[in-house]
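Quick notes on the structure that follows.
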Protein chains: 2
Amino acid sequence: MSRREEAKTFNRARICAAAEAIIRGEGMDKLTMRRLAEVAGVSLRTPYNLFGSKTDVLIALLDEAGFEFAPRQTGESGASAIAHLFGGLGRIAAFFASDEAYYRGIYAAIMASDHPEVRSTGVGRAVVSAQALVAEAVAHGELRADTDAASLGRHLAIALLAVLGMWGSGFFSNRESIAQVRRAWLAVLLQHCSDAARPSLASAYRDLCTAEIDQ
Amino acid sequence: MSRREEAKTFNRARICAAAEAIIRGEGMDKLTMRRLAEVAGVSLRTPYNLFGSKTDVLIALLDEAGFEFAPRQTGESGASAIAHLFGGLGRIAAFFASDEAYYRGIYAAIMASDHPEVRSTGVGRAVVSAQALVAEAVAHGELRADTDAASLGRHLAIALLAVLGMWGSGFFSNRESIAQVRRAWLAVLLQHCSDAARPSLASAYRDLCTAEIDQ
DNA sequence: AATATTTTTATAACATGTGTCAATTATTTC
DNA sequence: GAAATAATTGACACATGTTATAAAAATATT
């Protein structure tokens, strides 16, 4: 990496660190580009040079933290693909739960911005991943052979992202959001699962309903 | 109504009409408060006096058009409550479809704004209505007696609103959005329906899946 | 009709995201 | 080391939602 690229990388990191510090210390509404530049010790123009827009800075913050919309692509095709689907959901949940207020603020700000490309690519990736896992589940006999993997995968991904959007807006706690997605996923998967996979999905669905009554 | 109230009502109407004219004629991004005041023939301050904020003007536009989040409360308890649920969905769909670009712009702008109260009340109303219809369906024996109407109604309402949010952001066509909600609703209702209601729901679900393949 | 109250208006201002543009500084190339 | 190139800076500007303030107009009260 040339020294110029090094300097850019360093400045990007400084800006991200400053953004995080402001959000954590002063709150999301204090994160203005002017304050960001000030805290990062950089001119107002530099974040635009290095990221493009305020929204892009926030996206970088999420990326940096390792957030991925989609359940991770799995190489180990021996394990249950449906379990991988829910594993991906659990990973997203854990990520956001690790610092709920912080990530919610960032996510909400990204969603509220009018940068359609951002969200489209996020949706696209999630859909593709979900479709791959559904196809795998069909191949493994967890889902019936007549299942349209593309359609079902898309449905599952959208169900997740739609709830995530509302979570970002502050409607639901983490727990409520997860419960909503799990319930939606289980119900739809139960319409397509093989007889072998049905019992565990059905009992998971029942457990979810009783758990909701408990709390 | 006093003359003062009359004048306010008249001005409110003028402002709404001007907003609609701008959105339709020049596009959503040309709807600025200054232009709105100009077209409405009113001072910049007046829309703030009469509505509160730009977002409130847009909400008034939706309300004026008769939009309701929730399926209409039904007095005729003889008919199928589940049918009423889907009827409400159809009504919302028809409303938005009647002028897709126009309403999508308004809805997206409202969602993108940071006025949490607005959205909360919308969510609250939808949840209550759905819960009422689910309870009715339980009472009629369409859904099993062990169904938790509050929980299920809430789940259904959220599933709808979450997709509506993504629709507003421009991800999906009307048709895709409806299909997503119908599929989610049918799958979950199938987990709770009585044996009598199952066949029609199951066949509706199958039809939806094959319809998706067709298009 | 005179006074008091409420609304609207006009004008200015502020904070914010973003863009412009020339000057400066740092780096690369020769 | 000199010339070329790239990145950063600084100062300013613009559009926008929103608020402040005082003057003017309309309406209500007596």
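These figures come from a predicted structure and were not determined experimentally. We name chains A, B, ... by the order of the sequence lines, and we start the count at 1 in each one.
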Report task. Step by step, work out the side-chain hydrogen bond (donor to acceptor under 3.5 Å, both in side chains) result for A:S53 and A:D56. Result -> CA-CA 5 Å; A:S53 70; A:D56 289 313; 2.9 Å; yes
Distance in angstrom units between [X] [atom1] and [N] [atom2], rounded:
| X | N | atom1 | atom2 | answer |
| --- | --- | --- | --- | --- |
| B:L44 | D:dT18 | CG | C1' | 8 Å |
| B:F10 | C:dT8 | CZ | P | 12 Å |
| B:E6 | C:dT7 | CD | C1' | 15 Å |
| A:E38 | D:dA11 | CD | P | 14 Å |
| A:Y48 | D:dA13 | OH | C1' | 14 Å |
| A:L50 | C:dT18 | CG | P | 15 Å |
| B:F51 | D:dT18 | CZ | C1' | 17 Å |
| B:L31 | D:dT16 | CG | P | 10 Å |

Query raised in the report: Do B:R24 and B:Y102 meet the cation-pi criteria used here (NZ or CZ under 6.0 Å from the six-membered ring centre, within 45° of the axis)?
Result: yes
Query raised in the report: Going by atom types alone, do A:T46 and A:N49 pair a side-chain donor with an acceptor below 3.5 Å?
Result: no
Can you tell me if [X] touches the phosphate of [N], counting only side-chain N or O atoms and a distance under 4.0 Å to OP1 or OP2?
| X | N | result |
| --- | --- | --- |
| A:S2 | C:dT27 | no |
| B:S53 | D:dG17 | no |
| A:N11 | D:dA7 | no |
| B:T32 | D:dA15 | no |

Query raised in the report: Would A:E6 and A:R3 pass as an ion pair if we require N to O under 4.0 Å?
Result: no
Query raised in the report: Hey, is the side chain of B:R3 pairing donor to acceptor with the base of C:dT6 inside 3.5 Å?
Result: no
Query - Polar pair under 3.5 Å, donor/acceptor by atom type, side chain A:R4, base C:dT27 - result: yes
Closest nucleotide among [options] to the [X] side chain:
| X | options | value |
| --- | --- | --- |
| B:K54 | D:dT18, C:dT8, D:dT8 | D:dT18 |
| A:R45 | C:dA10, D:dG10, D:dT18 | D:dG10 |
| A:K8 | C:dT18, D:dA7, D:dT18 | D:dA7 |
| B:V42 | C:dT9, D:dT19, D:dA7 | C:dT9 |

Query - Check: A:R183 side chain, A:L208 main-chain N or O, donor-acceptor pair, under 3.5 Å - result: no
Query raised in the report: Taking the side chain from A:E176 and the backbone from A:S173, do they hold a donor-acceptor pair closer than 3.5 Å?
Result: yes
Requested in this report: Have a look at B:L36 and say if it touches a base, only the backbone sugar-phosphate, or nothing, with a 4.0 Å heavy-atom cut-off.
Outcome: nothing
Query raised in the report: If you pin B:A7 and B:R34 to their nearest nucleotides in DNA chain D, which one's is more 5'?
Result: B:R34
Report task. On DNA chain C, check which nucleotide each of A:D29 and A:G52 is closest to and give me the residue with the more 5' one. Result -> A:D29
